Amino acid sequence: MTISVAEVIVDVAAYPVDRSFDYLIPDEMVSLIELGSRVKVQFGPRNVLGFVVALKEETDIPSEKIKPISQLLDIEPVLTSEMLQLAKWLKHETICFEIDALQVMLPSALRAKYEKFISLETDIDNLPEVLKPFFSQTSKVNYKDFEKNNLLHPLKTALKQKLVVLENVVKQKGQIKEVRKVQIADNTEILRDISNQISNRAKKQKVLIEWMMQHVGETMDPDTLYKETNTSSAVLQALIELGAAKFIQEEVYRDPFSKEVGHTKSLNLTEEQSTALQKITTAMENHQTETFLLHGITGSGKTEVYLQAISKCLNDGKEAIVLVPEISLTPQMTERFRSRFGELVAVMHSGLSVGEKYDEWRKVHQGKVKVVVGARSAIFAPFENVGIIILDEEHESTYKQEDNPRYHARDVAIWRGEYHKCPVILGSATPSLESYARAKKNVYSLLTLKERAMKQALPTVHIVDLREELKKGNRSMFSQELLESIESRLNKKEQTVLFLNRRGYSSFVLCRDCGTVLQCQNCDISLTYHRSNEKCKCHYCGYEIYVPKTCPQCQSEHIRFFGTGTQKVEEELYKFFPHARVLRMDVDTTKTKGSHEQILEAFGEGKADILLGTQMIAKGLDYPNITLVGVLSADTSLHLPDFRSAEKTFQLLTQVSGRAGRHEKKGEVVIQTYTPEHYAIELSKDQFYEPFYEREMMMRHQAGYPPYYYLALVQVSHEDVMMAADYAQKCVEWLRSNLSFNVSIIGPTAAGISRLQNRYRYQCLIKYKIEPELIPTLMQLIKLYRSEWIKKGILLSIDLDPTMI
DNA sequence: AGCACGCCGACT
DNA sequence: GTCGGCGTGCTC
């Protein structure tokens, strides 16, 4: 018996079809088809894309039911068997559709694009008049054209009468970029023969053929050829017709790197660094799955440890995956990797176009690179021989995907580490409590870097009590101390970074007479003002309107927008320091591609004295002349209704403080706050991680939050408030009676944003320590009530280990 | 999810 | 009598 049946996961995300379907493999495909190949199949009445997840000899499906695979889309499979296993695990761990788990591993360019076409089945004269014009030029028309012209009804009739047929076409979204090149014949004899044929009057052709004989068999860009020989396309064309050369299409990678980088060598390590590196390399040598938590204070040289561990990994002939939070994927960071490993590095982040992402992915897939530096989804880099996986800033919440599949890159990293028997490094100056607790329980191996790599002292941190400032009558955003510090930097020609917590400061539109704030029609959230197009936009659903002239409530004309916090700060800064050169970095100034980099670069080159921004600037900023960091209000993130707010604040403050004095010059940090006594603020002053950890762990223990308990968030939404609340209640009751007693269920309560896209959202929180039945129970819940809920219009979402609640 | 099949009310 | 409403069920 030979392989003749493929199990296929089809590209339809729905519960009833979230399993594999058997398809016959046509004979001519048998030798080509592999696990992880993409195929085109007929599924019911339509054509869809699918993934081959298993191959077998026979099937129980009766022959009248089974269909053949229509087309094999890849010569090389796009997914490895590791990825297929990983998808099954993700499906179970995060409760998602297998198809979603498979799709998230691939660049979006490989996703299917579905198009409908209508083709003519009879003579055009039989068609109704309204449809005729469409088929006058062609017999195949895009369905959308009928939709646009509101002709779906006559179209449907025509379909029924079989005058036309509908055809579903599956295409791939992304295209491989090709360029046209000239390939010179690789046979000198032929070239000489042609040369002899050329008439003596064709001087240019003579020149070109002579030149070609010097470049036998070479492939080049036509423009280079014209330039080199001072000829033109007409001359080349003549020689091509004689067979001296031909045009070929060559695959190329789009180049997302704008500039060349130099080459750097390994730096000398401190004792702490080499101890850490030693432990990591030992694990690599022993082919050991081991998760390390590399806890190093800011500036302690974690990156250098990564780089040298990767070097070792490459020497062993293996590949490396490095994850960094999206926001810190600045050129500064990626350049460090590219300058060490050159062309062996692929970079993946959201700033790339669909095509560029596809190309970077293909470099990995084709084995052209050995190192991937990327954001969350780079954890799925299709390497087959991974030697090390690194997550920098492991505490960052961007490692958790907020929509399906709701996976955490850290969990996937550890899974892949186990699969490849290789170490996983979680690096941070401020580890998440979860990871640190695991390190303390020896689930992870703790590596500590307590010293800064170049022995620089930590910056001096001053905490300024804004209540005192207020008492002194200072109503500005700047305390006396901060102003003095800024002034002294300006005098010394040193640089300052001012940091503003974004939350609570985003720009909104307010009526000064009645206090109304412009709200989104669909969501329970205020609209954000965008100066660039004079519009107000909802950041959650995309709803946007022009700024109204009068207040929608009271018709007053005194309506004004409150600029982003940063805009306001900038204005005020100029009042105090009219001659300071300020660079502002926020959503408004970083809208266009690359502007983020340009601003940082300009600042690095000393083109400004003060850099003012939000969280964006907290990471990876590393310039020698920055000697002052100011945090305008440390409290904004502290009072968020999230159990992680203290942790987030501590992390943020430590992070921004770390930007000052990373080189020769000593750094200073000024933190302004209304609650200086809060432990998250007080302890960040000296980067006292350990005491903060102990303190925060106590709080978590008392309140029953992670790492002591695991969380699962179940959310119910409906267009009607009562329905949402009712069903959330039903859901809670069902869970209470089906989960064990030591699981506590909180809620239902309205979600943080109680209405989103016109749907009211209620949620309940499940806290548990050990509950092996949780996932099966949740799946049971879906199974039992899915059809009823769908009828009523209820949507249910489940988030295991939510980052925000 | 999408689409066909199938059984009941308001129209030529 | 027929067109079209959307309830039910299936997709290898």
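This is a predicted model, so every value here is computed, not measured.
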Can you measure A:D11 atom CG to C:dC12 atom P for me and round it to whole angstrom units? 15 Å
A:P45 has a side chain; which of B:dA1, C:dC12, B:dC3 sits nearest to it? B:dC3
Measure the distance from CD1 on A:I61 to P on C:dC10 and round it to the nearest whole Å. 14 Å
Measure the acute angle between the ring planes of A:H408 and A:Y399, then classify it against the limits of 30° and 60° as parallel, tilted or perpendicular. tilted
What is the distance, to the nearest angstrom, from the CG atom on A:D18 to the P atom on C:dT11? 16 Å
Between B:dA1, C:dC12, B:dC3, spot the one nearest the side chain of A:D22, thanks. C:dC12
Among B:dC3, B:dA1, C:dC12, find the nucleotide with the atom closest to the side chain of A:F21. C:dC12
Looking at every strand, decide which applies to A:F43 at a 4.0 Å heavy-atom threshold: base, sugar-phosphate, or nothing. base
Compute both the distance and the angle, then confirm whether A:K537 meets the cation-pi test with A:Y543: under 6.0 Å from the six-membered ring centre, within 45 degrees of the axis. no
Would you classify A:Q42 as touching base, sugar-phosphate or nothing, given that sugar-phosphate means primed atoms plus P, OP1 and OP2, and contacts are heavy atoms under 4.0 Å? sugar-phosphate
Between C:dC12 atom C1' and A:L24 atom CG, what is the distance in whole Å? 9 Å
Rounded to whole Å, the NZ-P distance (A:K792 to C:dG7) equals 13 Å
For a quick check under 3.5 Å, do A:Q172 and A:R38 share a side-chain donor-acceptor pair by atom type? yes
Taking only N and O in the side chain of A:K67, is any of them less than 4.0 Å away from OP1 or OP2 of C:dC12? yes
Checking all strands, does A:P62 fall into the base, sugar-phosphate, or nothing category for heavy-atom contacts under 4.0 angstrom? nothing
N or O in side chain of A:K65 less than 4.0 angstrom from C:dT11 OP1/OP2: yes
Check this for me, if you would: do A:K91 and A:D18 make a salt bridge, where the nitrogen-to-carboxylate-oxygen distance has to be below 4.0 angstrom? yes
A:Y15 atom OH is separated from C:dT11 atom P, nearest whole Å, by 21 Å
Check the distance between C:dT8's P and A:I790's CD1 and give it to me in whole angstrom. 13 Å
NA contact type, A:I66, heavy-atom cut-off 4.0 Å: base, sugar-phosphate, or nothing? sugar-phosphate
Just checking, is any N or O donor in the side chain of A:S754 or A:D524 under 3.5 Å from an acceptor N or O on the other one? yes
For the pair made of CD1 in A:I9 and P in B:dA1, what is the distance, rounded to whole Å? 17 Å
